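All values reported here derive from a predicted model rather than from experimental measurement.
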Amino acid sequence: MDTISEIKNPSIILKEKIDKRDYDEIKKLEKLCAERDNVSFKLELEYKLCNKEESGRWTGSINDLMFYDESDLKGYIGISDFGGNALEVNGMVHPDYRNMGIFSKLFSLAEDEWRKRKQPEMLLLSDGSSASGIGFIKKACDEYDHSEYDMVLNMGAEQGSGPRSNKLRRASGGDYAEIARQDKIYFGTGQDDDTQVFEQKYNENNGSFTYMAETGDKVTGKVRIEINEGAGGIYGLGVLPEYRGRGFGREILTMAIEKLKEMGAHKIVLQVEINNKNALNLYKSCGFEVNYVMDYYKINK
C-alpha cells in the first residue's frame, strides 16, 4: 500500500465522552493498527461508552482527542481517569499517516488537558512490542514506571472445586467506604478519590459489578467484574492482609470467573503487574495465559 503523501483537510475533535459512532470509528482504527503492527492497545472504550450517560452535565474535561483527514479518523488519543494520582493515556495513528506530526499534536493537547487537572502524574501506555510507541514515549516521559501482563483465560481450564470459606455479596452504596479503604491497601489509590469518580467507577449501569468477599460476617476482600458484548474482565481483586495465606484469593477469583460465565462471557481477561509474582502464579494456575505486555511510563508535573 502506498503511503499517503499529504493531509488534505485536517480537523481535530475534542470530546468529554464518546458516543456509539465515535466508538465504532475508533474501534475500526484500532483493528487496523493492531493487525498491521501486531500490537495491542488499552483504550478502555467499552468502559467509556457505558459511562457516557452517567452525567448529563459538561464537566469541562477532555477525555477523547480525534484527528480527522476529511471525514476519516486517522489518529486518536484517549485519557482515562480511574482515580488516584495519575491519568492514563493511550493512542494510535493510522499506519499510512505516521511521521506527519499527528500523534505529537494530539499528545500536546492531551498534555495540556492533564496540566489543568489535579493529578500530579500522567502515565503513557504502549504495547511493549511496539517500537514506534515506546520510542515516542521515551522521548516524552521522565521515567519508566511499570509493566503489566494482559492475561486471557483458557475457557476450558479447571479452577478447582470443593467447599469454600467465602461467598460473594453484591456491593451497595454502603460499601463504598470499605471498597475505597481496600483500594488504598492493594493499589495505593481509592480513599482520596472524588466521590463522583468513585461512584462512576463502581456504578452498575456501566456494566461493572463489585462484590464483597465474606466469610461469616467478616469482609475478607473484594473483586470487580465487567462484561460488554460477551467479553468479561476481572479487576481490583484483593484479599485483606489478615486473611491472606488461606486460599481466599483463589476462591474469589474462581467465583468471579463463574459469575462472568453465568452472565454469558465467552472471553475473560485481567491485568497483573509483572513483578506481582504471587498474583501471576495464582492466575496462571487458574488457567490464565499471557496475551501481551503493556508498558507504563510516567510524566510528573
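Salt bridge Glu6/Lys8: absent, no basic N to carboxylate O contact under 4.0 Å. The pair Lys42-Asp150 does not count as a salt bridge, with every side-chain nitrogen at least 4.0 angstrom from each carboxylate oxygen. Looking at Lys27 and Glu30, a side-chain N of the basic residue comes within less than 4.0 Å of a carboxylate O on the acidic one, giving a salt bridge. Salt bridge annotation for Asp96-Arg36: present, with a cationic side-chain nitrogen under 4.0 angstrom from a carboxylate oxygen.
A search for ring pair (Phe, Tyr, Trp, His ring centres under 6.0 Å) contacts involving Phe103 returns Phe136, not counting sequence neighbours. In this structure Tyr297 satisfies the side chain to side chain donor-acceptor pair (under 3.5 Å) test with no other residue, sequence neighbours excluded. For Asp24, the salt bridge (charged side-chain N to carboxylate O under 4.0 Å, His left out) criterion is met by Lys20, not counting sequence neighbours. Partners of Asp22 according to the salt bridge (charged side-chain N to carboxylate O under 4.0 Å, His left out) rule, which considers only residues two or more places apart in sequence or in another chain, are Lys15. In terms of the side chain to side chain contact (heavy atoms under 4.5 Å, CB included) criterion, residue partners of Glu258 (sequence neighbours excluded) are, by chain and number, Arg164, Thr254, Met255. The ring pair (Phe, Tyr, Trp, His ring centres under 6.0 Å) search around His266 returns none, not counting sequence neighbours. By the side chain to side chain donor-acceptor pair (under 3.5 Å) test, Gln119 is found to be paired with Asp81, residues two or more places apart in sequence or in another chain being considered.
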Side chain to side chain contact (heavy atoms under 4.5 Å, CB included) for Arg246 and Asn166? Distances and angles first, verdict last. CA-CA 11 Å; Arg246 307 186 194 182; Asn166 286 270; over 6 Å; no
Take Ile268 and Phe288 through the side chain to side chain contact (heavy atoms under 4.5 Å, CB included) test and state the conclusion after the steps. CA-CA 9 Å; Ile268 299 175; Phe288 283 90; 4.1 Å; yes
Stepwise side chain to side chain contact (heavy atoms under 4.5 Å, CB included) check, Tyr76 with Asp64: CA-CA 7 Å; Tyr76 169 77; Asp64 300 280; 2.5 Å; yes
Could you give me the CA-CA distance, side-chain angles and deciding distance for Trp114 and Ile79, then say whether side chain to side chain contact (heavy atoms under 4.5 Å, CB included) is met? CA-CA 9 Å; Trp114 162 60; Ile79 299 172; over 6 Å; no
Verdict with supporting geometry, Asp37 and Arg98, salt bridge (Lys or Arg N to Asp or Glu O under 4.0 Å): CA-CA 12 Å; Asp37 300 331; Arg98 292 175 186 164; 2.7 Å; yes
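Here the CD-CD distance, from Glu226 to Glu44, works out to 7.5 Å after rounding to the nearest 0.5 Å. A distance of 4.5 Å separates CZ in Arg181 from CD1 in Ile185, rounded to the nearest 0.5 Å. With rounding to the nearest 0.5 Å, the separation of CG in Asp72 from CG in Asn9 is 11.0 Å. Interatomic distance, Met212 CE to Lys218 NZ, rounded to the nearest 0.5 Å: 14.0 Å. In this structure, the separation between CG on Leu109 and CD1 on Ile12 is 5.5 Å, given to the nearest 0.5 Å. For the atom pair CD1 of Ile227 and OG of Ser208, the computed distance is 12.0 Å after rounding to the nearest 0.5 Å.
Residues Ile26 and Met92 come closest through the heavy atom pair O-CE, 3.5 Å. The two residues Ala256 and Val223 have their closest heavy-atom pair at CB-CG2, 4.2 Å. Of all heavy-atom pairs between Leu32 and Pro95, the closest is CD2-CD, 4.0 Å. Across all non-hydrogen atoms, the minimal contact from Val272 to Met151 is CG1-SD, 3.6 Å. When all heavy atoms of His146 and Tyr144 are compared, the pair lying nearest together is C-OH, 3.2 Å. Scanning both residues, Leu253 and Cys286, for their nearest heavy atoms gives CD2-SG, 3.7 Å.
Inter-residue side-chain proximity for Tyr68 and Glu25 is flagged as met; some heavy-atom pair is nearer than 4.5 Å. Here the side chains of Lys259 and Phe209 are not in contact, with every heavy-atom distance at 4.5 Å or above. No side-chain heavy atom of Leu73 sits under 4.5 Å from any side-chain heavy atom of Phe67.
Cluster annotation: Leu280 is connected to Ile252 through the hydrophobic network of ILVMFWY side chains, with a link wherever side-chain heavy atoms come within less than 4.5 Å. The hydrophobic cluster containing Ile234 does not contain Tyr292, counting ILVMFWY residues as joined when their side-chain heavy atoms lie under 4.5 angstrom apart, directly or transitively. Each of Tyr296 and Phe107 belongs to its own hydrophobic cluster when Ile, Leu, Val, Met, Phe, Trp and Tyr are linked at side-chain heavy-atom distances under 4.5 angstrom. Tracing side-chain contacts under 4.5 Å through hydrophobic residues (I, L, V, M, F, W, Y), one never reaches Ile299 starting from Met294; they form parts of separate clusters.
The backbone N or O of Ser165 sits less than 3.5 Å from a side-chain atom of Thr215, completing a donor-acceptor pair. No donor-acceptor distance shorter than 3.5 angstrom exists from the side chain of Lys222 to the backbone of Ile179, with no hydrogens or angles considered.
Sorted by first and then second residue, the side-chain hydrogen bond (donor to acceptor under 3.5 Å, both in side chains) pairs with a member in residues 272-287 read Arg250-Ser285; sequence neighbours excluded. Applying the side-chain hydrogen bond (donor to acceptor under 3.5 Å, both in side chains) definition to pairs two or more places apart or across chains, those involving residues 103-113 are Glu111-Arg115, Glu113-Arg117.
When the options Lys28, Glu46, Lys48 are evaluated for a side-chain hydrogen bond (donor to acceptor under 3.5 Å, both in side chains) with Tyr23, the one that passes is Glu46.
Counted by atom type alone, Asp295 and Ser147 present one or more donor-acceptor pairs between their side chains at under 3.5 Å.
Enclosure of atom NZ in Lys261 by more than 12 non-hydrogen atoms of other residues, nucleotides or ligands within 6.0 angstrom is indicated. Taking a 6.0 Å sphere around CD of Glu158, one finds it holds 12 or fewer heavy atoms contributed by other residues, nucleotides or ligands.
Val152 belongs to a hydrophobic cluster whose remaining members, ordered by chain and number, are Tyr235, Val269; membership requires side-chain heavy atoms of ILVMFWY residues under 4.5 Å apart, directly or through intermediates.
Under the 6.0 Å cut-off for aromatic ring centres, Phe82 and Tyr47 qualify, their centroids lying closer than that.
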Going by atom type alone, with no hydrogens or angles, which donor-acceptor pairs under 3.5 Å involve a side-chain atom of residues 120-127 and a protein atom two or more places apart or on another chain?
from	atom 1	to	atom 2	distance (Å)
Asp127	OD1	Ser129	N	2.8
Asp127	OD1	Ser129	OG	2.8
Asp127	OD2	Ser40	N	2.8

Which atom pairs, donor and acceptor, lie under 3.5 Å between side-chain atoms of residues 238-245 and protein residues at least two apart or in another chain?
from	atom 1	to	atom 2	distance (Å)
Arg244	NE	Val239	O	2.7
Arg244	NH2	Val239	O	3.0

